[in-house]
Amino acid sequence: MCQSDLTLDSDEFRARTAAFRAWSESPLDLPGAYYLEVVERLYKQNQLARGEFVALGKRIDLRVLCAPLYLIAAQDDDIAAPEQTLACARLVGTPPAAIRQRIVPGGHLNLFFGRRTLDAIWPDVVAWLCAPAPAARRAKASGVRA
């Protein structure tokens, strides 16, 4: 499953396939009104990207987000197209130098479960997260002047 090196006729592959199917066939049972509101406000009206989305009484303005970002998009993603994912960089207040972007082979779930992606991409993400941030970037992200 998802970039496995297992042979298709192995017991382990069959077990993983069954576990994956059980997981993928059990979506969250969301209330209809909530689902329709999410589709209307976030997808059709694009309120979050436009700075018009209100959550818990507060308008969410992505331009206020100044934290470093590591944007990873899957080349064949059928849920979030790479262009959509990478467009986030234009919506936030994070300086371009503090944004890393990658497009990797595979689909949406391969970003999180694909063996090649886990082996090749995620170690880079971990190293990037663990690297010390320049003082100015840390200060800006925390809202403190350097």
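Given the structure is predicted, the values throughout are model-derived calculations rather than measurements.
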(request) Compare every heavy atom of Gln75 with every heavy atom of Pro82, then report the nearest pair and how far apart it is. (result) CG-O, 3.8 Å

(message) Could you report the tightest heavy-atom contact between Gly106 and Ala74, atom names first, then the distance?
(response) O-CB, 3.4 Å

(request) Find the distance between CG (Leu111) and CH2 (Trp122) and round it off to the nearest 0.5 Å. (result) 7.5 Å

(message) As an exercise, state the distance from CG of Leu62 to CZ of Arg90, rounded to the nearest 0.5 Å.
(response) 13.0 Å

(message) For Tyr35, is the OH atom crowded, meaning more than 12 foreign heavy atoms sit under 6.0 Å from it?
(response) no

(request) Can you spot which of Arg59, Arg41, Glu52 makes a side chain to side chain donor-acceptor pair (under 3.5 Å) with Gln47? (result) Arg41

(request) Using the rule that two of Ile, Leu, Val, Met, Phe, Trp, Tyr join whenever any of their side-chain heavy atoms come within less than 4.5 Å, decide whether Leu28 and Phe112 are in one cluster. (result) no

(message) Does atom CZ (Arg14) have a neighbourhood of more than 12 heavy atoms from anything else shown, all under 6.0 Å?
(response) yes

(message) Is any side-chain heavy atom of Phe13 closer than 4.5 Å to one of Asp9?
(response) no

(request) Flag the pair Asp77 / Gln84 as yes when at least one side-chain heavy-atom distance between them is below 4.5 Å, and no otherwise. (result) no

(message) Quick check against the 3.5 Å criterion: does Thr94 have a side-chain atom that pairs as donor or acceptor with the backbone of Pro68?
(response) no

(request) Determine, using the 4.5 Å side-chain heavy-atom cutoff (strictly less than), whether Ile103 and Val125 are members of one ILVMFWY cluster. (result) no

(request) Provide the closest heavy-atom pair for Cys66 versus Gly93 in the form atom of the first, atom of the second, distance. (result) SG-O, 3.9 Å

(message) With clusters defined by side-chain heavy atoms of hydrophobic residues (ILVMFWY) lying less than 4.5 Å apart, directly or transitively, does Tyr43 cluster with Leu86?
(response) yes

(message) So that I can tick it off, tell me whether Arg21 and Glu25 are bridged by a salt bridge, with the cut-off set at under 4.0 angstrom between side-chain N and carboxylate O.
(response) no

(message) Is any side-chain heavy atom of Val104 closer than 4.5 Å to one of Asn110?
(response) no

(message) Quick check: is Leu129 connected to Leu118 through a chain of hydrophobic side chains (ILVMFWY, heavy atoms under 4.5 Å apart)?
(response) yes

(message) Nearest 0.5 Å, please: how far is CZ in Arg102 from CG in Asp124?
(response) 5.0 Å

(request) Calculate, to the nearest 0.5 Å, the distance between atoms CG and CD1 belonging to Leu109 and Ile79 respectively. (result) 6.0 Å

(message) Same cluster or not: Tyr34 versus Ile60, using hydrophobic residues (I, L, V, M, F, W, Y) connected whenever any side-chain heavy atoms lie under 4.5 Å apart?
(response) yes

(message) Which label fits Tyr70 and Trp128: parallel for a plane angle under 30°, tilted from 30 to 60°, or perpendicular past 60°?
(response) perpendicular

(message) Once rounded to the nearest 0.5 Å, what's the spacing between atom CG of Leu30 and atom CD of Glu37?
(response) 12.5 Å

(message) Could you measure the distance from the CZ atom of Arg50 to the CG atom of Asp61? Nearest 0.5 Å is fine.
(response) 13.5 Å

